[in-house]
Every structure is written in structure tokens, then in C-alpha cells.
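The figures that follow rest on heavy atoms only: side chains count, while hydrogens, waters and symmetry mates do not. Model, not experiment: these values are computed from the prediction. Throughout, protein chains are lettered first and strands after them, A, B, ... in sequence-line order, and every chain is numbered starting at 1.
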Protein chains: 2
Amino acid sequence: MDDSQLLKGVLDLAVLSVLESGDSYGYEIVTRLREAGHERVGEASVYGTLRRLHNDDHVSSYLEPSDSGPHRKYYSLTTNGRRRRREDAKTWERFVETMSFLLNQEKK
Amino acid sequence: MDDSQLLKGVLDLAVLSVLESGDSYGYEIVTRLREAGHERVGEASVYGTLRRLHNDDHVSSYLEPSDSGPHRKYYSLTTNGRRRRREDAKTWERFVETMSFLLNQEKK
DNA sequence: CGTGCTACCTCGCATTGCGAGGTAGCGAAA
DNA sequence: TTTCGCTACCTCGCAATGCGAGGTAGCACG
């Protein structure tokens, strides 16, 4: 099973979750996700996700200069984004429970 | 968040899990998945999944007549399929832990 | 000046769930 | 008998999205 397929549909939630603990920018978000355990997330996936979240008004953005390289494009959760995150988290939890049930079927 | 996107990459595992508790056929598998909580699984998704699992030698199949309609095409886990299921279950569990960690970031 | 890190981006492919549509057997109701 | 509803199978093509590959640039250090 490929992690990449698992990420589908969950990456939005993962990114929104990272932003819940403070504004961040693409490169850092990738790093955070990898540290958390999503070791194979590709940069392109995250940038794509951010673009979509921005289009749908779930995050806003602003530029900030940096000492250690080019400027950074920070992203910040909008009200929509926060609500979206709460809803997605619930959907995710229900989903995990369903899978849990299925995975333990065998024992019966 | 759409359940359908979440299912990507996990449907294989879900179907393999259903089969772990006994041979079954497409229509019944759909029913079982829906009862378990994946209420919106489409038939086409399951038939597609079964076709793929069969091509990759994770399941074998045989026909059986039925009293309540047309014949049934039963699927059975192969050795490959059983191994695949164990591996996928582990990958899934690790994935869930990673998400769990991310979802609780906010509290810090 | 080359190397390596930070940081951004685009393009197009591959995967896969699903909606829509179709075929057919069977039993019971109209 | 015809029709309905359930069981049970299938195909086609779209839509969504993660990712690999590739590119640009600033900065620091040797």
C-alpha cells in the first residue's frame, strides 16, 4: 500500500492542522509533515494543496522577507479554514473507526 | 472533506479485510462495507477493486449458483492477499498515528 | 565561483472512486 | 402475463489529487 494514496483526501486536513498551531509557509509545512511521520510527502503536493486551500478561502497569505534565503509566503487559517478543519477532523475520526471495525472482523 | 477521497488507497485494505472473515462476492462486500460505516461506497469502486486485486493475484475467484438471483462470483484471499492485508494494516496503523499526532498539534 | 541550503513555482502523468448506464435471473404482486 | 423490486454482474469515462521532474532565485561559505 502506498502512502501517497492514503494521503489523498487527508492532506488538506494535515496542512490545516499544521496551520492551527501558527502561520507557516510551504517549505516549513513540508518539513513539519515529514517530521510528524508523513516522510514521503512531496513538495508539489503541499504547494498544490495550499493553492487549493487559498482558492477556496480556507487560508490567506502574506509575504515576509527571510535572512536565510528568498522571501517566504506565509499562510494563515481563515475562519472558513478553521471550521473546515473541525469538520474534516470529525469526518476523519469516523472514518478511522469504520476501518477499525473492519480490520477486526477477522477475529470473529 | 469527501469520504470518497479518503477511501482512495484504503479500499483495497477494506475489501481484503472483509474477505479475511470468509469468501464473499461483490454485491455482498458492498453491503458489508456500507453496514460497517462506509455508507457511500459505490458498487463500481468495489468491482474495480476486485478486478485489480484479482489481476495482482491477491484474490482468486469461482462461480456459485444462487437461489435469489443470478450466479455469484465469489472471491477468496490468496496467500499473497493475506500477506498484503497484514502489511497494509500496519501501514494504515502507522498512518493513523501520524495523523493523530498532527491533529493534536493545536493544543501546544 | 561552485556548492548547498532555503524557498518558491509549473507541467503532466498515474491512480482510483464513482456516477451513469446496461444486462439478467428470480419471485411476488397486479 | 406483465410488471416490479431485489439480487448480481459488468463497462465507460470523468474528476480529483499526490508526485516526479524540472526550473528560478537568494544567501553564505569555502
Side-chain angles (χ1 to χ4, degrees), chain A residues 1-16 23-35 38-56 58-59 61-75 88 91 95 98-99, chain B residues 1-16 23-35 38-56 58-59 61-75 88 91 95 98-99:
Chain A
M1 183 160 62
D2 202 346
D3 262 28
S4 74
Q5 289 305 315
L6 291 180
L7 270 177
K8 293 210 177 191
V10 175
L11 191 51
D12 284 21
L13 176 56
V15 168
L16 290 171
D23 294 1
S24 188
Y25 50 95
Y27 195 78
E28 192 187 48
I29 293 172
V30 172
T31 306
R32 292 256 209 104
L33 292 176
R34 287 184 176 153
E35 283 170 359
H38 292 315
E39 292 168 26
R40 294 167 177 281
V41 212
E43 287 191 16
S45 311
V46 172
Y47 285 113
T49 298
L50 286 169
R51 186 170 52 241
R52 253 179 294 120
L53 289 173
H54 192 260
N55 282 342
D56 299 344
H58 288 116
V59 299
S61 69
Y62 54 95
L63 290 179
E64 199 102 324
S66 163
D67 291 338
S68 59
H71 67 278
R72 294 168 177 167
K73 193 165 176 183
Y74 274 86
Y75 291 90
D88 283 11
T91 302
F95 190 86
T98 297
M99 284 306 294
Chain B
M1 182 161 62
D2 201 346
D3 261 29
S4 75
Q5 288 306 314
L6 291 181
L7 271 176
K8 293 211 175 189
V10 175
L11 191 52
D12 284 21
L13 176 56
V15 169
L16 291 171
D23 294 1
S24 188
Y25 49 97
Y27 195 79
E28 191 186 50
I29 293 172
V30 171
T31 306
R32 293 257 208 102
L33 292 176
R34 286 184 178 153
E35 284 170 358
H38 292 316
E39 293 168 26
R40 295 167 177 280
V41 210
E43 286 191 16
S45 312
V46 172
Y47 285 113
T49 298
L50 286 168
R51 187 170 49 242
R52 253 179 293 119
L53 289 173
H54 192 260
N55 283 341
D56 299 345
H58 289 115
V59 299
S61 69
Y62 54 94
L63 290 180
E64 199 103 324
S66 164
D67 291 336
S68 60
H71 66 279
R72 295 168 177 165
K73 194 166 176 183
Y74 276 86
Y75 291 90
D88 282 11
T91 302
F95 190 86
T98 297
M99 284 306 294

**Request:** Kindly indicate whether the side chain of A:V59, heavy atoms from C-beta on, has any atom under 4.5 Å from the side chain of A:V15.
**Result:** no
**Side-chain donor or acceptor of B:S45 paired with backbone N/O of B:V41 under 3.5 Å** = no
**Complete:** Sorted by number, residues from residues 3-13 of chain A placing a heavy atom under 4.0 Å from DNA chain C are A:Q5, A:K8
**Asked** Does C:dC9 have OP1 or OP2 sitting under 4.0 Å from an N or O in the side chain of A:R51?
**Response** no
**Asked** How is A:V41 classified with respect to the nucleic acid when contacts are heavy atoms under 4.0 Å: base, sugar-phosphate, or nothing?
**Response** sugar-phosphate
Where do N or O atoms of nucleotides 1-6 of chain C meet protein N or O atoms at under 3.5 Å, pair by pair?
from, atom 1, to, atom 2, distance (Å)
C:dT6, OP2, A:Y27, OH, 3.0

**Asked** Looking across every strand, which nucleic acid part, if any, lies under 4.0 Å from B:G26 by heavy atom: base, sugar-phosphate, or nothing?
**Response** sugar-phosphate
**Request:** Identify whether any heavy atom of B:E28 sits under 4.0 Å from a base atom; if not, whether one sits that close to sugar-phosphate; answer base, sugar-phosphate or nothing.
**Result:** nothing
**Request:** Taking side chain to side chain donor-acceptor pair (under 3.5 Å) as the test, write out the residues that go with A:S24, two or more places apart.
**Result:** A:E28
**Prompt:** For A:D2, which contact category applies under a 4.0 Å heavy-atom criterion: base, sugar-phosphate, or nothing?
**Reply:** nothing
**Message:** Would you say that B:R52 contacts B:H58 through its side chain, given a criterion of any heavy-atom pair below 4.5 Å between the two side chains?
**Reply:** no
**Nucleotide nearest B:E43 (side chain, heavy atoms from C-beta), chosen from C:dA7, D:dC9, D:dC19** = D:dC9
**Prompt:** What is the ring orientation for B:Y62 with B:Y74, classed by angle as parallel under 30°, tilted 30 to 60°, or perpendicular over 60°?
**Reply:** parallel
**Prompt:** OP1 or OP2 of D:dC9 sitting under 4.0 Å from any side-chain N/O of B:Y47?
**Reply:** yes
